[in-house]
Amino acid sequence: MWIDTHCHLDAPEFADTLEVVIQKAANKDVKAILLPAVKAADCASVKGLAHQYSQQIPGLVYTLGIHPLYTNQAQESDIQILESHIIDSLSDPRFVGVGEIGLDYFVEDLDPHRQEFFFNAQLDLAQKYQLPVILHVRRSQDAILKALRRRNIPGGIAHAFNGSFQQAEQFIGLGFKLGFGGAATYERALQIRRLLQELPLESIVTETDAPDIPPAWLRGEGIALNEPAFLPRIAKELALVRGIGAAEFSSATWCNAMQALPRWSALCADIPSLNLAP
Ligand SMILES: [Zn+2]
């Protein structure tokens, strides 16, 4: 069985096809998906989706947060709205952490100070409620590491990781797993492939970031949208790059994700089809 630790099922690209997209993923043995919210106004809908499709994807879970790309349009009062959603969700076993949060120093029209305000305020919430975080890290590895070191955050996942070995080791030292997906299926992605080959296997988790980051073979087929049903094929290509068998990679990446997000692990332990060794 396979796990997609980062999938935006609530993206407008899936609005008309969601039922089919989820069923296709279920048919491909994707048993668990993490759905991160990207703005305060979406908190209720990601929670709703995680419950609505739990029959098809038993390990479907969500995190709540404000994505750096949405900070230009966010209000400071969204932090209070987010906190009240977090409080309401603490009793929900499908709620597993704070995210997607982070810093994006690649997109130029984002105000860095605004981004830092929302990122720091959300890290404070993660610390207050002792929740792991799902991080968006783009040209901001060192700033994010610095903010994490100032707090006591119980780890999480640095998604779509693309930093140096030294930065990777620092995230791992702070209790983080690193997310790999479609980007590593491109032969020219030398640095990401080297990370995937050489980092400890215990630090790697799989993700699609659907509908974004389409894997290499989709380009060839002229398909622009990534989806969770592609996770197993992406993961098998990652296993090839790593030089290990698909079964070993499936089992390791499942366990790694569960270790990073204890609430996800607790949910899966209560579901008979998920608490067997993968
Ligand atoms: Zn994302």
Side-chain angles (χ1 to χ4, degrees), residues 2-15 18 21-22 25 30 32-43 45-47 49-50 57 59-74 78 82 85 94-107 110 115 118-119 122-123 126 131-141 144 155-163 171 176-185 189 192 204-215 218 224-231 234-235 238 253 257 260-261 264:
W2 298 99
I3 183 161
D4 186 349
T5 62
H6 201 102
C7 180
H8 295 283
L9 289 172
D10 63 327
E13 287 89 338
F14 294 136
L18 190 56
V21 163
I22 288 174
V30 178
I33 297 177
L34 187 150
L35 164 51
V38 296
K39 45 186 201 277
D42 291 347
C43 288
S45 70
V46 297
K47 184 176 190 169
L49 287 176
I57 309 286
L60 182 56
V61 297
Y62 63 99
T63 57
L64 299 176
I66 302 164
H67 190 292
L69 296 186
Y70 290 86
T71 51
N72 274 359
Q73 64 191 71
D78 285 352
L82 177 64
H85 282 291
R94 294 190 181 272
F95 168 64
V96 299
V98 174
E100 175 174 359
I101 65 171
L103 298 170
D104 193 316
Y105 293 155
F106 175 75
V107 177
L110 291 171
Q115 288 197 58
F118 284 102
F119 180 53
Q122 295 182 94
L123 282 184
L131 293 164
V133 294
I134 303 298
L135 295 174
H136 174 103
V137 190
R138 208 167 175 208
R139 299 229 174 134
S140 57
Q141 280 87 359
I144 287 183
I157 295 173
H159 117 84
F161 188 76
N162 187 9
F171 277 104
F176 282 79
K177 308 294 183 189
L178 309 175
F180 290 87
T185 63
I192 293 178
I204 292 168
V205 295
T206 51
E207 62 170 62
T208 60
D209 199 23
D212 296 324
I213 319 190
L218 287 186
L225 279 195
N226 197 4
E227 53 175 287
F230 300 146
L231 189 281
I234 292 171
L238 303 190
T253 50
L261 295 142
W264 205 355

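Note that ligands are numbered from 1 as they come in the structure, with each ligand's atoms numbered from 1 the same way. Everything quoted here is computed from the prediction, not taken from an experiment.
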* Asked: Hey, which of Ile66, Leu135, Thr71, Asp104 is the one that makes side chain to side chain contact (heavy atoms under 4.5 Å, CB included) with Phe119?
  -> Leu135
* To do: Decide, counting backbone as well as side-chain atoms, whether His8 has an N, O or S atom less than 2.8 Å from the Zn ion (ligand 1).
  => yes
* To do: Please confirm if an N, O or S atom belonging to His6, backbone or side chain, lies less than 2.8 Å from the Zn ion (ligand 1).
  => yes
* Whether Glu100 has an N, O or S atom under 2.8 Å from the Zn ion (ligand 1) -> yes
* Would you check, one step at a time, whether the test ring pair (Phe, Tyr, Trp, His ring centres under 6.0 Å) holds for Phe161 with Phe171? => CA-CA 10 Å; Phe161 188 76; Phe171 277 104; 5.8 Å; yes
* **Heavy-atom neighbours of Phe14 CZ exceed 12 at 6.0 Å** => yes
* **Trp264 vs Ile3 side-chain heavy atoms within contact, under 4.5 Å** => yes
